[in-house]
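Just so it is clear, the structure is predicted and the values come from calculations on it, not from any experiment.
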Amino acid sequence: MNTRYPLNQSPLYKLQSRKKLAELLDVTIQELEKLVKTPDSQYRQFEKTIEKNGKFKKRFIEHPKAELRRIQRRLVSLLDRIQPPDYLHSGFRGRSYISNARRHGCNLRVAKIDIKSFFPSAYAGYVYRSFEDFFQCSPDVAAVITKLTTAFNHVPTGGNSSTMISFFAFKSMFDEIFELSKSRGLTMSCCVDDMTFSGEAATAGFLNEVHLIVVRYGLKTHKRHCFEAEQPKIVTGVALTPNGIRLPNSRRKKLHEVILAFEGETNPQQKIKLGQQMLGRMTEAAQIEKQFEMFVPLAAEKLKDAKEFKKSRPDLIFSTDTLQSKT
């Protein structure tokens with residue numbers, strides 16, 4: 001992993017030349033200019049059904065095409081070298097929803113608040129100003145970076161760089177909220193659009209102060225929740241309980257269900273898919289609770305066996321529809 005440095009040491013800082021930007025992004029200036037002429041055409045748009053807490057809802061996705069996706073990944077690799085603030089737990093390597101939850105004590109009062117429709121509300125103008133003000137890029141460089149990282153006048157929901165770009169677009173807001181929380185003796189963490197505060201002053205009144213700051217920056221909030229110290233609480237998908245950090249019951253249930261589905265599956269292709277899900281969920285569980293660590297190698301071995309069985313019996317590779325048509 002590259003050593004991180006302050007923002008003012010980034011090669012993007014005070015960048016004045018589009019040609020130099022193209023070199024940093026590993027493209028020619030001609031390729032760069034072609035991409036930014038029609039930025040909206042560089043995306044595929046589609047709806048995706050997601051499940052969260054047992055509820056299904058549709059989410060509109062704006063997914064960059066291959067060339068733009070590669071450039072956004074390169075930009076992310078440059079931004080990832082900048083030292084992020086301690087409170088930020090998304091976008092940067094080594095930070096995650098799990099490290100976000102671990103920032104808070106299990107026996108403390110907790111308050112949570114989300115920003116509503118964060119990416120669609122992160123308009124291109126905010127992104128432009130962040131590169132002109134924070135990074136002190138020239139206006140034309142800031143404009144090019146904005147076009148590479150926004151679509152339809154906002155940060156795209158499926159962009160590779162969207163998490164980082166949206167943070168820098170509203171860094172002043174998050175920093176202001178952090179200073180407020182620090183003045184109240186609170187610990188703050190932020191994971192994309194989800195802010196959590198822990199400590200004695202984590203109250204509904206404090207969340208209202210946070211709400212007023214967010215509104216001042218042109219955004220909206222929702223999902224406000226407050227928990228007393230002795231209450232179990234879910235922070236970015238991790239349970240903080242009086243007995244320590246735990247895997248939430250909903251995730252335990254999903255892990256149990258995928259194990260049962262894997263053991264009962266007879267379609268080799270589907271069994272491999274379920275095995276991959278099982279290994280992923282088990283690995284995730286082990287990051288939260290050590291007791292699951294011993295089961296990760298077992299899940300990996302079961303997946304390996306499923307793949308080897310598929311190779312040894314190609315005659316059994318069929319779809320459920322094919323099987324039904326033969327019976």
Side-chain angles (χ1 to χ4, degrees), residues 50-57 84-115 163 178 181 184-204 206-207 210 221-263 274-303:
I50 61 170
E51 186 270 332
K52 187 173 182 181
N53 299 325
K55 297 180 180 179
F56 292 88
K57 63 179 181 179
D86 289 343
Y87 64 76
L88 184 63
H89 288 266
S90 54
F92 289 80
R93 284 178 295 172
R95 307 287 180 94
S96 70
Y97 73 93
I98 297 175
S99 66
N100 180 79
R102 289 188 182 279
R103 187 167 167 83
H104 303 280
C106 292
N107 297 299
L108 294 172
R109 184 178 285 172
V110 166
K112 304 191 303 179
I113 189 169
D114 283 11
I115 298 172
T163 298
F178 172 69
S181 66
R184 304 296 169 80
L186 293 171
T187 296
M188 171 185 168
S189 70
C190 176
C191 191
V192 191
D193 59 355
D194 186 326
M195 290 179 283
T196 305
F197 308 89
S198 60
E200 191 60 30
T203 63
F206 175 78
L207 289 185
V210 173
T221 66
H222 65 158
K223 298 181 182 178
R224 299 191 207 182
H225 300 285
C226 294
F227 304 89
E228 294 301 322
E230 66 276 7
Q231 284 183 283
K233 40 258 179 186
I234 304 297
V235 174
T236 53
V238 178
L240 303 182
T241 77
N243 297 317
I245 292 178
R246 295 287 184 267
L247 189 70
N249 290 335
S250 60
R251 290 178 184 260
R252 289 179 190 275
K253 183 173 181 290
K254 289 178 181 177
L255 176 57
H256 179 66
E257 288 173 346
V258 77
I259 291 172
L260 291 179
F262 174 84
E263 295 296 348
L274 290 169
Q276 291 168 336
Q277 291 178 30
M278 178 176 63
L279 178 58
R281 291 191 180 279
M282 193 68 76
T283 302
E284 180 184 60
Q287 293 175 333
I288 298 172
E289 286 191 51
K290 289 186 69 67
Q291 65 175 346
F292 288 98
E293 288 181 356
M294 68 176 73
F295 299 110
V296 173
L298 296 175
E301 189 64 27
K302 284 180 176 289
L303 175 58

Which atoms form the tightest heavy-atom contact between [X] and [Y], and what is the distance?
X: Ala229; Y: Asn107; result: CB-O, 3.5 Å
X: Leu303; Y: Gln276; result: CD1-N, 3.8 Å
X: Cys226; Y: Ala204; result: SG-N, 3.5 Å
X: Pro248; Y: Gly237; result: CG-O, 3.2 Å
X: Arg103; Y: Asp86; result: NH1-O, 3.6 Å
X: Asp114; Y: Lys223; result: OD2-CD, 3.5 Å

Legend entry - Any donor-acceptor N or O pair under 3.5 Å, side chains Ser99, His89: yes
Inset, instruction - Say whether Glu284 and Tyr97, considering side chains only, have a donor N or O and an acceptor N or O under 3.5 Å apart. - result: yes
Inset, instruction - Tell me, with the steps shown, if Lys302 and Leu279 meet side-chain contact (heavy atoms from CB on, under 4.5 Å). - result: CA-CA 9 Å; Lys302 284 180 176 289; Leu279 178 58; over 6 Å; no
Rounded at 0.5 Å granularity, tell me how far [atom1] in [X] sits from [atom2] in [Y].
X: Asp193; Y: Thr163; atom1: CG; atom2: OG1; value: 9.5 Å
X: Ile234; Y: Asn249; atom1: CD1; atom2: CG; value: 7.5 Å
X: Ser189; Y: Lys112; atom1: OG; atom2: NZ; value: 10.0 Å
X: Glu230; Y: Arg109; atom1: CD; atom2: CZ; value: 9.0 Å
X: Phe178; Y: Cys190; atom1: CZ; atom2: SG; value: 12.0 Å
X: Glu257; Y: Leu274; atom1: CD; atom2: CG; value: 11.5 Å

Legend entry - Lys/Arg-Asp/Glu bridge criterion (N-O < 4.0 Å) met for Arg252, Glu289: yes
Is the side chain of [X] donor-acceptor paired with the backbone N or O of [Y] at a distance under 3.5 Å, no angle test?
X: Ser90; Y: Val192; result: yes
X: Arg251; Y: Ala285; result: no
X: Arg95; Y: Leu88; result: yes
X: Lys233; Y: Gln231; result: yes

Could you check if a side-chain atom of [X] sits within less than 4.5 angstrom of a side-chain atom of [Y], using non-hydrogen atoms only?
X: Leu207; Y: Phe197; value: yes
X: Ile245; Y: Cys106; value: yes
X: Met188; Y: Met195; value: yes
X: Leu240; Y: Phe227; value: no

Legend entry - Which residues share a ring pair (Phe, Tyr, Trp, His ring centres under 6.0 Å) with Phe92, sequence neighbours left out: none
Inset, instruction - Quick one: do Ile259 and Met282 satisfy side-chain contact (heavy atoms from CB on, under 4.5 Å)? Show the steps, please. - result: CA-CA 10 Å; Ile259 291 172; Met282 193 68 76; 4.0 Å; yes
Inset, instruction - Return yes when atom NE2 of His256 has more than 12 non-hydrogen atoms of other residues, nucleotides or ligands closer than 6.0 Å, and no otherwise. - result: no
Legend entry - Worked check of side chain to side chain donor-acceptor pair (under 3.5 Å) between Asn100 and Thr236: CA-CA 7 Å; Asn100 180 79; Thr236 53; 3.1 Å; yes
